[in-house]
Amino acid sequence: MISGIRPLPRRLLSLVAVALLPVALTASGALLWLNEQRRATLESTMVQSARAIAGAMDGELARIASVVRTLSASEALLAGDYERFYGIARRVLEVEPAWVTIALADPSGKYLFNLRRAYGDPLPAFLSELPTFEQLRATREPLVTGVFMGKVSGEALFSVRVPVVHEGDLRYVISAAVSPKAMLEVVERQQVPAQSIVAISDQNGAIVARSRRHEEFVARGITPDLRAAIARQGEGFAALMTLDGQRTYAAFSRSKWSGWAVAVGLPSEALDAPIRRSSAVLVAGGLLSVALGTLGALALARRIAHPIGAMAEAAAAIGRGERPRLPQSPIAELQAMSTALAEAAELRARAEEASRRKDEFLAMLGHELRNPLGVLSNAVNVLARRPAPDPATKALHDMLARQVDHLGRLIDDLLDASRVMAGKIALERAPLELAAELERVVGALREVGRLQAHAVTLHAEPVWVDADRHRLEQIVANLLDNALKYTPPGGRIDVRLRREGGEAVLEVQDEGIGIDPAMLESVFELFVQGGRTLERSQGGLGIGLTLVQRLTALHGGRVQAHSAGAGRGSRFTVRLPALAAPPRGERAAPPGAARERPAPRRVLVVEDGEDARASLRLLLEAAGHRVQEARTGPEGVRLALEGRPDVALIDIGLPGFDGYECARRIRADAAGRTLRLVALTGYGLDSDRAKALDAGFDAHVPKPVTPQALEALIA
């Protein structure tokens, strides 16, 4: 027993009491002052910027008005020679790239000509913005219109209109129709921060120019909050939302001449982030002052810090899988932590050993189960190629095929569940049309007779997703398996697919035994299954729905279970992120797509299991191929190099040396570098596949292999 042990809070109490009060007072006062100073500086700077841009805007509008006023003094116009004046106006338009047209109208607004049309061509009856003519007649001064859609040009414009007064009478109105891009150029010439958003709006609140996404927002109204602030203050500063949903601090200024306004917005983060950084600096300074004020407590702190540092290193060592060196401490809590770390290190070591043994067991289990399953599958497929002597034999064959398929799925689910829980599954994604995948999976289940006892319907609209085809098939197959398992024969199962917003929504609904409300939250947990009855057995391992949930999550989606209660059926809903339909050249080809049957090949089978070798030979010969057999690794290498087969199907566990060594030796010889090598094995983990490809195999296929997959490998 270590003497002098005292509780940790008592030893730290004096340090906390000294540090708490000065830190709180210093940090609070400094942060408040800093926030006020930064906001005041930002407001002043941005208002000045808005005012300067408004001045530049007025300058450009005044320049346009000056050019038009000079044009209005033309002798040809005053003499009523419109055709000659048309030519003069045309020359002015050629030197003003942002001007769209020049139009001449009488005081009522009736067109006399428009440079967008040849002289003398028919024109609309009146210019746009007729109400401005009332103002022109009243003031006899130039004015700027708001943004409008030109009747002749059909595009967004604004006009600078100049009255032509002769001998006291308003004779004409000359309108220069200008593209809003002229104002965009004014904005782009201003020196504003790159993250700022600058917008010019007309007297009606419509956007004339915008520094970001100009084409999208031109002629649209500014936000109601900004319009109200401009109408209320004319010039000022406010926190507002932009049209594209960004929070900003905005300064605005309205021109007294044109009535137009300029708004300069800066993302709120541009101000808030420096404040946060400064706050961090101030907090650090406060902590430093606390440290300087607590020098008297250093002796106590050292007694605490040393064992804590040693325990941190011990914890890191445990994380690395090493045996830690644990310190002793006179502080009760630290000594308890040291003891707990020692126990954690021991538990981790045991867990790692158990996990290693579990992985080894699962790998061996998969191998030992897949090998006899491969023989059974081969035998079933060979029998499928031969006519059944009687209906009873045909029925027995179909039963055997269904059960072999079911057993294969159970093995896959069992191994995949372990890999999913350990985070060892990587997706091989590609754009997939989910409706087509559903039809393929449902069709395959229907073909092998899995659906014959139920009324299964499919209603699917085309939806594209970015997914791993094999894992997507597992999700669908496990949902259907679950529905089939818990729905009595003759019951209805509906499979529906639709798009909702940005999601693909897949629903599998059954008329089965339903789910008790207390079970809804746990149906996706590993090894959890619904209630069973004595008169029927649903089977399964209780891992299918766990796989559905984990694989859906890996795809960025989610799954939910719904049920009105026992005896009222259930519905499982999977939601996955949807894609836009990709170009045809980027679409993944569906598996099992129509392909020609391969020409007869020379195939070498290297397999030590007598039944596995014989069944595979029968399956290949039934497909028309010529087969050689080898039982050991050395014999397989010899036949591969001497016989020059087209394809070699090689097991991994072989006498003499294993399949990996077979592949390496075949590839090392010039005669074997072009030979197609396929690892056909009971070892089906991702690590097994990687080892096979590294050894020189072209493909790695876990047993059992379907005839279609076998033909694809040989072709």
Student: Are more than 12 heavy atoms, taken from residues, nucleotides or ligands other than Arg644, located less than 6.0 Å from that residue's CZ atom?
Tutor: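 Not more than 12 within 6.0 Å, no.
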Student: What's the shortest heavy-atom distance between Leu639 and Gln628, and which atoms?
Tutor: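 Closest pair (atom of Leu639, atom of Gln628, distance): CD2-NE2, 4.1 Å.
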Student: Taking side chain as C-beta onward, heavy atoms only, is Gln549 less than 4.5 Å from Thr552?
Tutor: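 In short, these two side chains do not touch, never coming nearer than 4.5 Å.
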Student: Contact between Leu677 and Ile650 at the side-chain level, heavy atoms closer than 4.5 Å - yes or no?
Tutor: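 Leu677 vs Ile650: side chains touch.
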Student: Count the heavy atoms of every other residue, nucleotide or ligand shown that sit under 6.0 Å from CZ of Arg429, and state whether that count exceeds 12.
Tutor: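 Counting other residues, nucleotides and ligands, CZ of Arg429 exceeds 12 neighbours.
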Student: Would Glu507 and Val495 count as a side chain to side chain contact (heavy atoms under 4.5 Å, CB included) here? Give the steps.
Tutor: CA-CA 6 Å; Glu507 292 181 342; Val495 183; over 6 Å; no
Student: Any carboxylate oxygen within less than 4.0 angstrom of a Lys/Arg side-chain nitrogen, looking at Arg613 and Asp611?
Tutor: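 Looking at Arg613 and Asp611, the cut-off is not met.
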Student: Ile666 versus Leu675: any side-chain heavy-atom pair under 4.5 Å?
Tutor: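 Sidechains of Leu675 and Ile666: in contact.
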Student: State, yes or no, whether a side-chain contact exists between Tyr660 and Asp694 at a heavy-atom distance under 4.5 Å.
Tutor: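 Contact flag for Tyr660/Asp694 side chains = no.
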Student: Evaluate salt bridge (Lys or Arg N to Asp or Glu O under 4.0 Å) for Glu215 paired with Arg213, printing each intermediate quantity in order.
Tutor: CA-CA 6 Å; Glu215 296 292 343; Arg213 299 163 68 183; over 6 Å; no
Student: Check this for me: does any side-chain nitrogen of one of Asp658 and Lys691 sit under 4.0 Å from a carboxylate oxygen of the other?
Tutor: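 No, Asp658 and Lys691 are not salt-bridged.
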Student: Identify the two heavy atoms, one from Pro645 and one from Leu604, that lie closest to each other, and give their separation to 0.1 Å.
Tutor: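 Scanning both residues, the minimum pair turns out to be CG-CB, 3.8 Å.
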Student: Would you mind reporting whether Leu506 and Thr573 have side-chain heavy atoms less than 4.5 Å apart?
Tutor: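 Not touching, per the 4.5 Å side-chain cut-off.
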Student: Can you name the closest pair of heavy atoms from Pro577 and Val465 and give their distance?
Tutor: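 Minimum heavy-atom separation between Pro577 and Val465: O-CG1, 3.6 Å.
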Student: Any ion pair linking Glu503 and Arg575 (charged N to carboxylate O, less than 4.0 Å)?
Tutor: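 Between Glu503 and Arg575 there is a salt bridge, with a charged N closer than 4.0 Å to a carboxylate O.
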Student: Work out which heavy atom in Ala504 is nearest to a heavy atom in Leu434; give both atom names and the distance.
Tutor: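 Result for this residue pair: CB-CD2, 4.1 Å.
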Student: Can you check whether Leu620 reaches Leu649 side chain to side chain, under 4.5 Å on heavy atoms?
Tutor: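 Side-chain contact under 4.5 Å: yes.
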Student: Evaluate Glu461 against Arg499 for salt bridge (Lys or Arg N to Asp or Glu O under 4.0 Å), listing each step before the verdict.
Tutor: CA-CA 8 Å; Glu461 64 180 57; Arg499 181 173 185 139; over 6 Å; no
Student: For Arg440 and Glu473, what are the C-alpha separation, side-chain angles and deciding distance, and is it a side chain to side chain contact (heavy atoms under 4.5 Å, CB included)?
Tutor: CA-CA 9 Å; Arg440 183 177 62 80; Glu473 178 182 342; 3.7 Å; yes
Student: Tell me whether His454 contacts the main-chain N or O of Ile493 through its side chain, where contact means a donor paired with an acceptor under 3.5 Å.
Tutor: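 Flag not set: sc His454 to bb Ile493 has no pair under 3.5 Å.
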Student: Has the side chain of Arg667 got a donor or acceptor atom that lies under 3.5 Å from a matching backbone atom of Gly696?
Tutor: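 A pair under 3.5 Å: yes.
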Student: If you count the non-hydrogen atoms of other residues, nucleotides and ligands that lie under 6.0 Å from CZ in Arg602, is the total more than 12?
Tutor: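 Counting other residues, nucleotides and ligands, CZ of Arg602 exceeds 12 neighbours.
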Student: For Glu607 and Arg631, run salt bridge (Lys or Arg N to Asp or Glu O under 4.0 Å): C-alpha distance rounded to whole Å, both residues' side-chain angles, the deciding distance at 0.1 Å, then the answer.
Tutor: CA-CA 5 Å; Glu607 167 66 67; Arg631 193 183 67 83; over 6 Å; no
Student: Begin from the C-alpha positions of Val606 and Asp651 and carry the test side chain to side chain contact (heavy atoms under 4.5 Å, CB included) through to its verdict.
Tutor: CA-CA 6 Å; Val606 185; Asp651 189 21; over 6 Å; no
Student: Please test Leu619 against Leu710 for side chain to side chain contact (heavy atoms under 4.5 Å, CB included), starting from the C-alpha separation and ending with a verdict.
Tutor: CA-CA 10 Å; Leu619 183 61; Leu710 192 59; 3.9 Å; yes
Student: Give the minimum heavy-atom separation between Leu432 and Asp468, together with the two atoms involved.
Tutor: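 It is CD1-C, 4.2 Å.
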Student: Does Arg676 make a cation-pi contact with Phe697, if we ask for NZ or CZ under 6.0 Å from the ring centre and within 45° of the axis?
Tutor: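 Not satisfied by the 6.0 Å and 45° rule.
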Student: Any donor and acceptor pair, going by atom type alone, linking the side chain of Ser563 with main-chain N or O of Ile515 inside 3.5 Å?
Tutor: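 Looks like yes, one N/O pair under 3.5 Å.
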Student: Would you indicate whether the side-chain heavy atoms of Arg571 and Arg496 approach each other to under 4.5 Å?
Tutor: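 Arg496 reaches Arg571 side chain to side chain.
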Student: Report yes if the side chains of Asn478 and Asn482 come closer than 4.5 Å at any heavy-atom pair, otherwise no.
Tutor: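 Of all side-chain heavy-atom pairs linking Asn482 with Asn478, none is under 4.5 Å.
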Student: Looking only at non-hydrogen atoms, find the nearest pair between His625 and Arg601 and report the distance.
Tutor: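 Closest pair (atom of His625, atom of Arg601, distance): ND1-N, 3.0 Å.
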